[in-house]
Amino acid sequence: MNFLILGTLAFVGHQSSGGTQMTRLSRIESLKSRHFRIDQKIMSEGGRPRPDERVLMCLKLQKLRIKEEIERLSV
């Protein structure tokens, strides 16, 4: 959770629009990478004979929050 908050705080300030755009793009790429890694963990956990439903729920919630952050930054 702190990770998302810290990432959001990076956009608060008085930067030139070009600098802000690069920061935003790099942040989106970083989030997409995390989203992909979490998706891989979900598939790995779901493929086990007895997947831990709590772990799956937590991973899916993280993935959803990252997706929402990506969408928010893409506007």
Engineer: Is there a side-chain contact (heavy atoms from CB on, under 4.5 Å) between L73 and L31 once you walk through the steps?
Structural biologist: CA-CA 10 Å; L73 292 171; L31 289 168; 3.7 Å; yes
Engineer: Run the side chain to side chain donor-acceptor pair (under 3.5 Å) test against D39 and tell me which residues pass, sequence neighbours left out.
Structural biologist: K63
Engineer: Which pairs count as salt bridge (charged side-chain N to carboxylate O under 4.0 Å, His left out) when at least one residue sits in residues 43-54, sequence neighbours excluded?
Structural biologist: E45-R48
Engineer: List the residues meeting side chain to side chain donor-acceptor pair (under 3.5 Å) with S26, not counting sequence neighbours, and say none if there are none.
Structural biologist: none
Engineer: What verdict does the side-chain contact (heavy atoms from CB on, under 4.5 Å) test give for R24 and I28, after you've listed the backbone C-alpha separation in whole Å, the side-chain angles of each residue and the deciding distance to 0.1 Å?
Structural biologist: CA-CA 6 Å; R24 182 174 293 171; I28 290 170; 4.0 Å; yes
Engineer: Taking atom NZ of K41 and atom CD of Q62, what is their separation to the nearest 0.5 Å?
Structural biologist: 7.0 Å
Engineer: Regarding E69 and R72, does a basic nitrogen lie under 4.0 Å from an acidic carboxylate oxygen?
Structural biologist: yes
Engineer: I need the E29 CD to I70 CD1 distance, nearest 0.5 Å.
Structural biologist: 8.5 Å
Engineer: Check I66 against I38 and note the closest heavy-atom contact, atom names and distance.
Structural biologist: CD1-CD1, 3.4 Å
Engineer: Considering non-hydrogen atoms only, spot the tightest contact between I42 and L56 and give its length.
Structural biologist: O-CD2, 3.7 Å
